[in-house]
Amino acid sequence: AGYKPVPGKRGSIGIPLCLNMYELLPFWHTFWTRLGFAVHTSPVSSRGLYLAGQATIPSDTACFPAKLSHGHIKALSQMHLDAIFYPCLTYNFDEGLGDNHYNCPVVAYYPEVLAGNCPELEGTKFIYDYVGLHRPKDFEKKGAQFLQEAFGIPKREAVKAIRKAYEAYDAFRDLVRRKGAEYIDWARANGHRILVVAGRPYHMDPEINHGINDLITGFGFVLVTEDAVFQHMDKQPRHVLNQWTYHARMYNAARYVCTQPDMAFLQLVSFGCGVDAITTDELRSILEEGGDLYTQIKIDDISNLGAVRIRIRSLMAALDARDAQAQKGGQ
């Protein structure tokens with residue numbers, strides 16, 4: 001209430017901080033600010049934000065991250081912005097690790113669900129065009145076209161902004177990897193175990209993970225995410241159709257953990273995620289074949305972390321037993 005957006009040269013754009021927009025925010029923020037727009041994200045997720053959008057959720061079978069996006073859209077609709085931007089993305093970036101590089105159907109097309117079910121978007125300019133970031137040259141053409149149609153922006157200016165957006169995304173990905181390497185080096189220098197936590201970018205959302213990261217580090221682990229280590233392994237055939245960008249990262253991260261004696265692996269799974277019905281079995285297979293342990297934590301809108309504490313303590317006990325057995329065998 002009473003939110004006054006900072007005006008840009010061409011207006012203000014709202015971006016919902018949910019689903020794949022967590023990872024793509026550096027790209028889209030650079031894209032729009034380079035074009036002269038002021039970018040405003042929805043607030044950090046909370047229980048209140050989720051409840052505010054609950055009435056427009058059309059199906060309870062969707063995963064919690066998707067249901068949470070209704071609250072983000074409602075929050076943006078109250079900010080008096082010139083437009084809200086949330087594109088449909090069939091494909092993710094092609095990182096060369098899988099048989100294809102799709103987003104899951106919920107991530108790819110949920111803007112369509114929001115457009116059809118959120119009455120607060122009536123009278124609001126909601127941009128949810130289908131775009132493909134995996135082909136930069138094609139996006140230069142199609143992105144320039146939709147910017148010309150929507151805002152009258154010249155093609156040359158649009159192309160410059162698109163190229164800067166790709167540079168910003170590459171710099172962000174490099175930063176994640178460098179920070180991950182720093183944490184790993186610190187852990188090894190100080191005698192800490194390293195826990196690779198694998199999931200999707202939106203599992204960073206505090207209302208989705210409920211502070212599991214703090215719980216893990218409180219047990220003495222140094223935590224890094226799968227997107228900081230997956231690049232160390234090349235593409236390898238899998239037992240399943242490996243066609244999702246985020247999940248191909250998890251497979252590679254699990255393979256890497258199997259080569260590192262001071263690392264363990266934990267997968268975050270959202271209730272209602274159909275793709276994880278496949279990834280969980282494949283990750284378990286990778287880790288067990290590599291002589292490592294598979295641990296899974298399911299997260300949803302339930303914030304009781306008692307079961308999570310038990311699971312992490314069980315993992316620690318199993319690691320202690322494994323290390324003791326290895327030490328005994330080496331003597």
Side-chain angles (χ1 to χ4, degrees), residues 3-43 69 72-73 75-96 101-103 107-112 114-115 118 120-177 201-202 227 245:
Y3 186 88
K4 294 182 179 180
V6 176
K9 180 177 70 175
R10 283 198 167 104
S12 55
I13 294 287
I15 295 178
L17 195 57
C18 59
L19 292 176
N20 64 335
M21 299 304 270
Y22 256 94
E23 180 168 279
L24 296 181
L25 186 59
F27 183 98
W28 293 119
H29 188 278
T30 302
F31 174 83
W32 288 110
T33 53
R34 284 279 175 172
L35 294 169
F37 290 87
V39 174
H40 299 258
T41 62
S42 54
S69 64
H72 285 274
I73 289 296
L76 287 174
S77 72
Q78 297 169 342
M79 291 184 179
H80 313 293
L81 303 167
D82 294 307
I84 296 174
F85 177 74
Y86 189 14
C88 292
L89 294 162
T90 299
Y91 290 94
N92 207 318
F93 286 98
D94 184 2
E95 296 175 341
H101 45 95
Y102 291 116
N103 282 306
V107 168
Y109 309 120
Y110 211 75
E112 292 272 15
L114 296 168
C118 297
E120 56 267 29
L121 287 173
E122 294 177 9
T124 299
K125 190 170 189 176
F126 184 41
I127 304 170
Y128 59 106
D129 298 59
Y130 282 65
V131 300
L133 303 183
H134 58 302
R135 294 178 178 171
K137 290 299 180 183
D138 285 349
F139 183 59
E140 285 183 12
K141 298 176 183 177
K142 295 178 181 178
Q145 181 180 348
F146 98 73
L147 287 170
Q148 173 65 40
E149 294 172 355
F151 300 104
I153 295 174
K155 180 179 179 180
R156 180 178 296 180
E157 187 178 354
V159 170
K160 285 182 179 179
I162 290 168
R163 290 176 180 174
K164 287 295 182 182
Y166 278 104
E167 290 176 10
Y169 179 78
D170 289 341
F172 165 69
R173 299 295 312 136
D174 181 62
L175 176 61
V176 169
R177 292 168 185 171
Y202 47 80
D227 53 351
T245 294

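Values below: every heavy atom of this structure, side chains too, minus hydrogens, waters and symmetry copies.
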Considering all heavy atoms, the nearest [X]-[Y] contact:
X    : Y   : value
H72  : P43 : CE1-O, 3.2 Å
G14  : L81 : CA-CD1, 3.4 Å
Y109 : C88 : CA-SG, 4.3 Å
D82  : S12 : OD2-N, 2.7 Å
P154 : R10 : CD-NH2, 4.0 Å
A161 : F31 : CB-O, 3.8 Å

> Are I73 and F126 close enough that some pair of their side-chain heavy atoms sits under 4.5 Å apart?
Replying inline: yes
> Hey, are the side chains of E112 and Y130 touching, using non-hydrogen atoms and a 4.5 Å cut-off?
Replying inline: yes
Got a second to check how far [X]'s [atom1] is from [Y]'s [atom2], nearest 0.5 Å?
X    : Y    : atom1 : atom2 : result
S69  : Y202 : OG    : OH    : 11.0 Å
L25  : N20  : CG    : CG    : 11.0 Å
L114 : C18  : CG    : SG    : 7.0 Å

>> Going by side chain to side chain donor-acceptor pair (under 3.5 Å), name the pairs with one or both residues in residues 145-154, residues two or more places apart or in two chains.
In response: Q145-E149
Indicate yes or no for a side-chain donor-acceptor contact from [X] to the backbone of [Y] under 3.5 Å, with no hydrogens or angles considered.
X    : Y    : answer
R34  : A165 : no
T41  : L17  : no
N103 : L89  : yes

> Given D94 and R135, is the salt bridge (charged side-chain N to carboxylate O under 4.0 Å, His left out) satisfied, shown in steps?
Replying inline: CA-CA 9 Å; D94 184 2; R135 294 178 178 171; over 6 Å; no
>> Please determine whether side chain to side chain contact (heavy atoms under 4.5 Å, CB included) holds for the pair L24 and L133, giving the CA-CA distance in whole Å, both sets of side-chain angles, and the decisive distance to 0.1 Å.
In response: CA-CA 10 Å; L24 296 181; L133 303 183; 4.2 Å; yes
>> Applying ring pair (Phe, Tyr, Trp, His ring centres under 6.0 Å), can you list everything that pairs with F37, at least two apart in sequence or on another chain?
In response: W32, F151
> Does Y91 have any ring pair (Phe, Tyr, Trp, His ring centres under 6.0 Å) partners at least two apart in sequence or in another chain, and if so, which?
Replying inline: H101, Y102, H134
> Charged N to carboxylate O below 4.0 Å: is that the case for E157 and K160?
Replying inline: no
>> One pair to check against side chain to side chain donor-acceptor pair (under 3.5 Å): T30 and Y166. What are the steps and the verdict?
In response: CA-CA 9 Å; T30 302; Y166 278 104; over 6 Å; no
> More than 12 non-hydrogen atoms from neighbouring residues, nucleotides or ligands closer than 6.0 Å to NZ on K125, yes or no?
Replying inline: yes
